[in-house]
Amino acid sequence: MERHNRSSLVEFVLLGFPDVGRIRGWLFTLLLLAYLFTIGGNLLIFLVIRLDTTLHKPMYHFVSVLSFLELWYTATTIPKMLANLLSEKKTISFAGCLLQTYFFHSLGASECYLLTAMAYDRYLAICRPLHYPAIMTPALCAKMATGCWTCGFLCPISEVVLVSRLPFCDYNEIQHIFCDFPPLLSLACQDTSTNVLVDFAVNAFIILLTFLFIMVSYGRIIGAVLKIKTAAGRKKAFSTCASHLLVVLIFFGSIIFMYVRLKKSYSLTLDRTLAVVYSVLTPLANPIIYSLRNKELIKAIRRTIFRQGGGASPAHH
């Protein structure tokens, strides 16, 4: 019977944003604009950092990697959300659902590791400035970025394998805006306590460990900054880290509550709201925070955009 249930279930129904009614069109428009801005902003930051040699520094290297990651992170969920808002048939295949879950968690884990690497970079730059150039070499930056991606893509494999072996019953409606482990486990026909424990262990290890490392790094950074005698010096040091810390608090605040818990779900509305925060708003905020709060990056964007118009060629006159 279990084999029949599992083999007969070939697709799920993603309920997405139920009962939106008349505001469906507005919700689609807002989500589409957010996605276009996220793609455009992160792509611009990535290309500008790669093309402008003045930004070939460790800090901007990690920012460019983060922007590149956000392009794929949002692509795993938002296009399907948009399609479901327009379509009456909100189905996704069993394999497609597992793939979406895997890539979403892989890229999310990679972002946790990458934000940790960025915190370590800022710690070295502010707390050990004399040793910084010797430690944070281009080779180390490349190895750290590669390690973030590799570890991120290895982390959810065990969870996906366990879910793929579960028997699913006739009820196939996923009460969420995209495929994820908690709503999938709630549809299984057998006890999923093992899956819940494995999910909790993996998520707690990744999320809490990286968040702790980031907070320790920033604790030391704040301690070092407070020792700076001049107010201007303190302000400059804080400004380089404020944007990163803001992204960290928004991102980790939502995923800790969502994934580091032994209960499958607290509230469908709350789960959907938090999912919007870490899958849509955080990637949307990154281009705003990293560009508008960074004068050096704004200047580089202007140089890149207006290069052909003579904006970056004063040295040739």
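This structure is a prediction, so every number in the text was calculated from the model and none was measured.
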Close side-chain approach of P183 and D180, heavy atoms under 4.5 Å: yes
Atom pair CD1 (I49) and OG (S64), whose distance is rounded to the nearest 0.5 Å: 5.0 Å
Min side-chain heavy-atom separation E296-Y60 under 4.5 Å: yes
Side chain to side chain donor-acceptor pair (under 3.5 Å) between Y102 and E159, worked out: CA-CA 9 Å; Y102 170 72; E159 296 168 276; over 6 Å; no
Any donor-acceptor N/O pair, T137 side chain to P133 backbone, under 3.5 Å: no
Side chains of L14 and T91 in contact at under 4.5 Å (non-hydrogen atoms): no
Backbone of A117 reached by a side-chain donor or acceptor of D121 within 3.5 Å: no
Donor-acceptor pair, side chain of D52 and main chain of T54, under 3.5 angstrom: yes
Candidate pair F178 and T101, rule side chain to side chain contact (heavy atoms under 4.5 Å, CB included), full reasoning: CA-CA 8 Å; F178 52 80; T101 304; over 6 Å; no
Check ion pair K89-E11 (N to O, under 4.0 angstrom): no
Single-linkage hydrophobic cluster I135~Y123, side-chain heavy atoms < 4.5 angstrom: yes
Side-chain (S93) to main-chain (G96) donor-acceptor, under 3.5 angstrom: yes
SG-CD1 distance between C155 and I206, expressed to the nearest 0.5 angstrom: 3.5 Å
Steps toward salt bridge (charged side-chain N to carboxylate O under 4.0 Å, His left out) verdict (E173, K90): CA-CA 10 Å; E173 292 186 346; K90 308 178 190 299; over 6 Å; no
Side chain to side chain contact (heavy atoms under 4.5 Å, CB included) assessment of I298 paired with K295: CA-CA 5 Å; I298 289 176; K295 294 179 181 178; 5.6 Å; no
Any donor-acceptor pair under 3.5 Å from T150 side chain to G147 backbone: no
Aromatic contact, Y259 with F181 (centres under 6.0 Å): no
Within one Ile-Leu-Val-Met-Phe-Trp-Tyr cluster: I288 and L249, side-chain cutoff 4.5 Å: yes
Student check: side-chain heavy atoms of V48 and L55 closer than 4.5 Å: yes
Atom of L185, atom of V163 and distance for their closest heavy-atom approach: CD2-CG2, 4.1 Å
Separation of L71 CG from N42 CG (nearest 0.5 Å): 5.5 Å
Any donor-acceptor N/O pair, E70 side chain to N286 backbone, under 3.5 Å: no
Heavy-atom side-chain proximity of K57 to H61 below 4.5 angstrom: no
Validation row, ring centre F252 to ring centre Y278 under 6.0 Å: no
T210 versus I207, closest heavy-atom pair with distance: OG1-O, 3.0 Å
Shortest non-hydrogen contact from N195 toward L162: ND2-CB, 3.4 Å
Mutual orientation of the aromatic rings belonging to Y73 and F251 [parallel < 30°, tilted 30-60°, perpendicular > 60°]: perpendicular
W149 and F153 aromatic ring geometry - parallel, tilted or perpendicular at 30°/60° bounds: parallel
Nearest non-hydrogen partners of I174 and C179, listed with the distance: CD1-SG, 3.8 Å
Chi angles and distances behind the side chain to side chain contact (heavy atoms under 4.5 Å, CB included) call for V276, F17: CA-CA 11 Å; V276 169; F17 301 96; 4.1 Å; yes
Donor-acceptor pair, side chain of H105 and main chain of N203, under 3.5 angstrom: no
Stepwise ring pair (Phe, Tyr, Trp, His ring centres under 6.0 Å) test for F168 and F12: CA-CA 10 Å; F168 290 91; F12 292 104; 5.6 Å; yes
Polar side-chain atom of S254 near backbone of I250 as donor-acceptor pair, under 3.5 Å: yes
Nearest atoms (heavy-atom pairs only) where H176 meets D271: CE1-O, 3.6 Å
Heavy-atom neighbours of R50 CZ exceed 12 at 6.0 Å: yes
Distance in Å, T273 OG1 paired with I177 CD1, rounded so as to fall on 0.5 Å steps: 8.5 Å
Side-chain touch P58/Y132, heavy atoms, less than 4.5 angstrom: yes
Sub-4.5 Å side-chain heavy-atom contact between Y35 and P79: yes
No-hydrogen, no-angle side-chain donor-acceptor test under 3.5 Å, R122 and S217: no
From CZ (F37) to CG (L44), nearest 0.5 Å: 9.5 Å
hydrophobic_cluster_shared for F104 and L15, side chain cutoff 4.5 Å: no
F28/M81 under side chain to side chain contact (heavy atoms under 4.5 Å, CB included): CA gap, chis, key distance, verdict: CA-CA 9 Å; F28 175 84; M81 289 185 213; over 6 Å; no
Inter-residue atom distance W26.CH2 - R24.CZ, 0.5 Å rounding: 15.5 Å
Residue pair H131 / M136, side-chain heavy-atom distance below 4.5 Å: no
Heavy-atom closest pair, residues A119 and I221: O-CD1, 4.2 Å
Check: T38 main-chain N/O paired with T74 side-chain donor or acceptor under 3.5 Å: no
Single-linkage hydrophobic cluster, 4.5 Å side-chain cutoff, M258 and L212 together: no
Backbone of A83 reached by a side-chain donor or acceptor of S87 within 3.5 Å: no
Joint cluster assignment, I23 & L32, ILVMFWY side-chain distance < 4.5 Å: yes
